[in-house]
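Computed from a prediction, not measured in an experiment: that's the story for all the values here. By convention in this document, chain letters (A, B, ...) are assigned in the order of the sequence lines, proteins followed by strands, and residues within each chain are numbered from 1.
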Amino acid sequence: MTEEKSLNFIEEIVEADLAAGKHQTIATRFPPEPNGYLHLGHAKSICLNFGLALKYGGKTNLRFDDTNPVTEEVEYVDNIKQDVQWLGFQWAEELYASDYFQQLYEFAVKLIGKGLAYVDDSTSEEMAKQKGTPTQPGKNNNYRSRSIEENLKLFAEMKDGKHPDGSKVLRAKIDMAHVNMLMRDPVLYRIKHAHHHRTGDAWCIYPMYDFAHGQSDSIEQITHSICTLEFVPHRELYNWLIEKLEIYPTKQYEFARLNMTYTMMSKRKLLQLVNEKLVNGWDDPRMPTLSGVRRRGYTPEALREFCDKIGVAKRDNLIDIGLLEFCVREHLNKIAERRMVVFDPLKVVITNYAEGKSEILTSENNTEAENGGHREMPFSRELWIEREDFMENPPKKYFRLSPGGMVRLKSAFIIKCEEVIKDAQGHVTELHCSYVPESRSGQDSSGLHVKGVIHWVSALHATEVEVRLYDRLFVTEDMGSIEDDFKNHLNPHSLKVVNKVYAEPALAKAKVSDKFQFLRMGYFCLDPDSTKGKLVFNRTVTLRDSK
RNA sequence: UGUCCCGUGGUGUAAUGGUAACACUGCAGAUUUUGAUUCUGCCUUUCUAGGUUCGAGUCCUAGCGGGACAACCA
């Protein structure tokens, strides 16, 4: 196979490194902080990191960046692991930055010993003031000139719990006038008398991101440490620490994070939606979380295809959510069995069909699938059709049912509308139709040609289900550009529940997360809220509509 | 009035000094027992100005535009 696909800029770097013999094999890592659920932006990162290792024969570690015990929880750890596996990837090792706390502590001592770190007693307000601004240099304070011995002693005291939260920090001693704000003596360690989900109460000082992430990369001998663009300014510090600590020189590379129309990827804001009950949990099918889209009915295959299609580059982007939906439809079209379900029922009585009679017809499950097979559908005198599939005064290009008009009932017969029954208000309540017995699907000898084909369900055999119709979570296309509260942009119609939807009997056998195409209505999957008495289906995505 | 990153159709992404292309979207048509799928066609592109070069989307300079950076968050 000679499929030629151009490389993204990171693949080019990897290939160049491999070609130059810089590495024999590569190692990447996916480093989530366990303070929330994974979302579509993480999917991009996961596909990139794991994809690279798969493509070039390396390995990928799953490493939890758990250096802030106050926001992190095991619940998140468990769900993150589940999401990564669901997406279809397996990590080489499951690791935690907290595994390295002792090592990190020793790194800090080494830095102090080299005169490259000091204990600062300033408050965070004072430190902010001394730091300057992007256009003004910062100032040194008196703590900066403490002796190595004093720093060593004080840092040990911090570790031993002799000082309260916020009273002291350990800072790198770099340059308070540096043009890069991150190089103006960044905080390395802070005191937090907090219980950690893994290390318990063993520590009361915790390293900051900049003193944990790069060091963890280095300890694991990660060859390519890939992160998003907001970490570009951190790279200088990342390299400085590796150099001063004299440890394995991992290289950091940055790519542009995923942004999508009508949604939002901020973990902090997603948490807010959950906490304020504006959605029904992290796995609400409207959420851009992996657990949300999974419950919605998206498939890992579709997500991986999507990540492949959006590419990897360094410029800011806003991906049309329609592209994700395209990928979802593309996959579901191949794998989802078809079923007939009537959402807004209108009764049809077949006047020339014997009362009490019924017969079994068959319909293909999926003509797109290799061995899609068939299912049985009962047909009888009284049927439900979609109210929308009948019009009393149809426009020219309408080719469904109208008075005196004919239509094909999918996988069944051609019927003709003979009489429209209305109530006192003039509301259509029922249609009386005749059917053409020799037009039966597969053995049609009627010679009739009708353009319209509609779905239907036998009223006698229908099973009642609930359907949840989802729309975009936000009404604003670019949520990154708003200046007011993001909650002002929530779509009030993002969820519409339709009860009493009539489904063909074959659907009653559905199991949770089973995926179907409801003919002409969209793709649906069975929600875990379903009970024996009542099945609940989520609309994953509509069908393309070119009406 | 700083430093860094980035500017290619409507949206993404390619083209690695040699004919600007692929996908999505949109529009038009064909096929269709799903107005789906499938198929065909069309619309629409290198931020600006200089420079290097036989030749620049690509290299250089400047400008313009967008983004990032002043958490004891990651």
Give none if [N] has no partner; otherwise give the nucleotide forming a Watson-Crick or G-U wobble pair with it, both distances under 3.5 Å.
N     : value
B:C24 : B:G10
B:G29 : B:C39
B:A15 : none
B:C72 : none
B:A49 : B:U61
B:A56 : none

Margin query: Whether A:D217 and A:K251 form a salt bridge (side-chain N of Lys/Arg under 4.0 Å from carboxylate O of Asp/Glu) is what I want to check.
Written below: no
Checklist line | Salt bridge flag under 4.0 Å for residues A:E477 and A:R472 | finding: no
Would you mind telling me which of [options] lies closest to the side-chain atoms of [X]?
X      : options             : result
A:K131 : B:U25, B:G2, B:A70  : B:A70
A:K314 : B:G2, B:C6, B:C72   : B:C6
A:V232 : B:C4, B:U33, B:C72  : B:C4
A:K451 : B:U32, B:G35, B:U3  : B:U32
A:S441 : B:C73, B:C24, B:U33 : B:U33
A:M208 : B:A74, B:C69, B:C4  : B:A74
A:S6   : B:C72, B:G12, B:A15 : B:A15
A:P134 : B:A36, B:C69, B:U33 : B:C69
A:D545 : B:U33, B:A74, B:G35 : B:G35
A:R315 : B:U13, B:U25, B:C4  : B:U13

Rounding to an integer number of Å, can you tell me how far [X] [atom1] sits from [N] [atom2]?
X      : N     : atom1 : atom2 : result
A:M183 : B:C4  : CE    : C1'   : 13 Å
A:I310 : B:U13 : CD1   : C1'   : 10 Å
A:K309 : B:C24 : NZ    : P     : 7 Å
A:H234 : B:C73 : NE2   : P     : 13 Å
A:Q130 : B:A71 : CD    : P     : 13 Å
A:E325 : B:A23 : CD    : P     : 20 Å
A:E368 : B:U32 : CD    : C1'   : 11 Å
A:E330 : B:U38 : CD    : P     : 8 Å

Note to self: Can you check the distance between B:A20 and B:U44, where both ends of the measurement are the P atom (answer in whole Å)?
What the structure shows: 16 Å
Notebook entry, point to check: Considering only the C1' atoms, how many Å lie between B:C73 and B:U37, rounded to the nearest integer?
Noted result: 48 Å
Under 3.5 Å donor-acceptor pair, [X] side-chain atoms to [N] base atoms:
X      : N     : result
A:R408 : B:U33 : yes
A:S411 : B:U33 : no
A:R338 : B:U34 : yes
A:H455 : B:A36 : no

Item checked: Spatial distance of atom NZ (A:K173) from atom CZ (A:R144) [nearest 0.5 Å] -> 6.0 Å
Check: Once you round to the nearest 0.5 Å, how far does SG of A:C433 lie from CE of A:M406?
Finding: 10.5 Å
Next item on the list: Let me know, please, whether A:L323 or A:K192 comes out on the 5' side of the other along RNA chain B by nearest nucleotide.
Entry: A:L323
Item checked: Within 6.0 Å of NZ in A:K162, more than 12 heavy atoms from elsewhere -> yes
Next item on the list: Look at atom NZ of A:K416 and say whether more than 12 heavy atoms of other residues, nucleotides or ligands are closer to it than 6.0 Å.
Entry: no
Within the structure, does a side-chain N or O atom of [X] lie under 4.0 Å from either OP1 or OP2 of [N]?
X      : N     : result
A:R544 : B:G35 : no
A:R520 : B:G35 : yes
A:T67  : B:A74 : yes
A:K334 : B:A36 : no

Note to self: Under the ring pair (Phe, Tyr, Trp, His ring centres under 6.0 Å) test against A:W456, which residue among A:F379, A:Y502, A:W384, A:F413 passes?
What the structure shows: A:F379
Item checked: Check against salt bridge (Lys or Arg N to Asp or Glu O under 4.0 Å), A:D99 and A:R63 -> CA-CA 10 Å; A:D99 294 341; A:R63 184 176 71 235; over 6 Å; no
